[in-house]
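Report on the following structure.
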Amino acid sequence: MSISHAPPTSPEADISPESASDPDLQPLVPASSRRARVPRWLRRTTGPVLLLALWQLLSGTGVLPPDVLASPGRIAQVGGDLVADGSLPAAMGTSLQRVAAGLLLGLVVGTGLALLAGLFRIGEDLVDAPVQMLRTVPFVGLIPLFIIWFGIGEAPKIAIITLGVTFPLYLNVYAGIRGVDAQLIEAGESLGLSRWGLVRHVVLPGALPGAMTGLRYSLGIAWLALVFAEQVNADSGIGFLMVQARDFLRTDVIVVCLIVYAFLGLLADFIVRSLERLLLQWRPTFTGR
C-alpha cells in the first residue's frame, strides 16, 4: 500500500492573477499626505490677520474707545509719523545698543560660570550654589541697588540686562554639559583624546543644543529687562518714548513702542534659530507633521 504525498502549496499559489490585480485595492497613503496643501506662510499669518480684523472691528463699533486702546489704523499712522520725524529710529538704535552690551556681558559671564561649574567638580562646588541663590532674587528688585551703585546713567540699565541674561544661559549651558552621554566620554578617552580634546570634540558639541536654547531664552529676558531698565531715569530709547506717552495718555504711542519691542524680539529669535539650524545640522530632529 503506497501513500502519495501531495506537493506543498504556498500561500502565493492560492492567489489568482485576477485577485492580485484587483482594481479595488488602493495603496496606503499617510494621513499627513492626504491633508490639503496650504502654504505655511498663509497658515502662520492667518491668526495675526484675524486678530487685527477683530481689533479694528471693536474699535470701529466703539467697543474699544480710543482713550482705552487706539485702532490699528491710528497706530499705523502714529508709527509712520514717529518714523518720519526720526524719533522712533533713534530710540530703536539706543535700545539696541543697550541690549547688545548687556547681552554680550551676560554671554561672557553666564557661559564662563557654566563652563567652570560644568567641567570641574571644584568649580561646581564653588559656583553653582551662589548662582542658584542669586537667580531666585528678582532682578527687577535690584534696580534701586544698581542706581545707588552705578548712578542713573547707562551702567545700571546695562547691568539689569546683563543680570537677566546670565542666569538662563548659565542653567542651560550647565545642563547641556552635564547631559553629555558618559559613554561618549569613555569612547573619546579610549581613542586617546586629551582633556582639552574631550572638551572640544565631545563635551562642547554635546552641550551646544542646550546653549542655543539658553541663548533664545536669554534674548527674551533681555528685552524684558530692557523694558524695566528704560523706565529708570531714561532720556532716550523706546522706554523713554513710552514714559512720555504715559504722561500724556497716548495709548497709540505706547502700543507702537510695544509692537517695536515685539518685532525686535522676534527678529532676534529668528536670527538665533537660523544660527541654530546652521550649527546643528548634524542633529536631525522632529519638525512636526
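Just so it is clear, the structure is predicted and the values come from calculations on it, not from any experiment.
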Counting N and O atoms only, with roles assigned by atom type, does the side chain of [X] sit under 3.5 Å from a partner on the main chain of [Y], one being a donor and the other an acceptor?
| X | Y | answer |
| --- | --- | --- |
| Ser87 | Val83 | no |
| Thr94 | Gly237 | no |
| Thr136 | Met133 | yes |
| Arg74 | Asp252 | no |
| Ser95 | Ile238 | yes |

Any salt bridge (charged side-chain N to carboxylate O under 4.0 Å, His left out) involving residues 148-166? Give me the pairs, sequence neighbours left out, ordered by first then second residue.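 Residue pairs with at least one partner in residues 148-166: Arg98-Glu154.
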
Going by the side chain to side chain donor-acceptor pair (under 3.5 Å) test, which pairs reach into residues 45-63, not counting sequence neighbours?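 Qualifying pairs: none.
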
Whether the Tyr217 and Asp269 side chains hold a donor-acceptor pair (N or O, under 3.5 Å, no angle test) is what I'd like checked.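 The answer is no; no qualifying pair exists.
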
Side chains of Glu230 and Tyr261: is there a donor and an acceptor less than 3.5 Å apart?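 The criterion, which ignores hydrogens and geometry beyond distance, is satisfied for Tyr261 and Glu230.
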
Atom CD1 of Ile122: over 12 foreign heavy atoms under 6.0 Å: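 Incorrect, the count does not exceed 12.
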
Does Leu134 share a hydrophobic cluster with Leu116, counting links as ILVMFWY side-chain heavy atoms below 4.5 Å and allowing steps through other members?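 Yes, one cluster joins them.
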
Should the ring pair Tyr174 and Tyr170 be called parallel, tilted or perpendicular, given that the plane angle runs from 0 to 90° and is split at 30 and 60?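 Judged by the thresholds at 30° and 60°, the geometry between Tyr174 and Tyr170 is parallel.
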
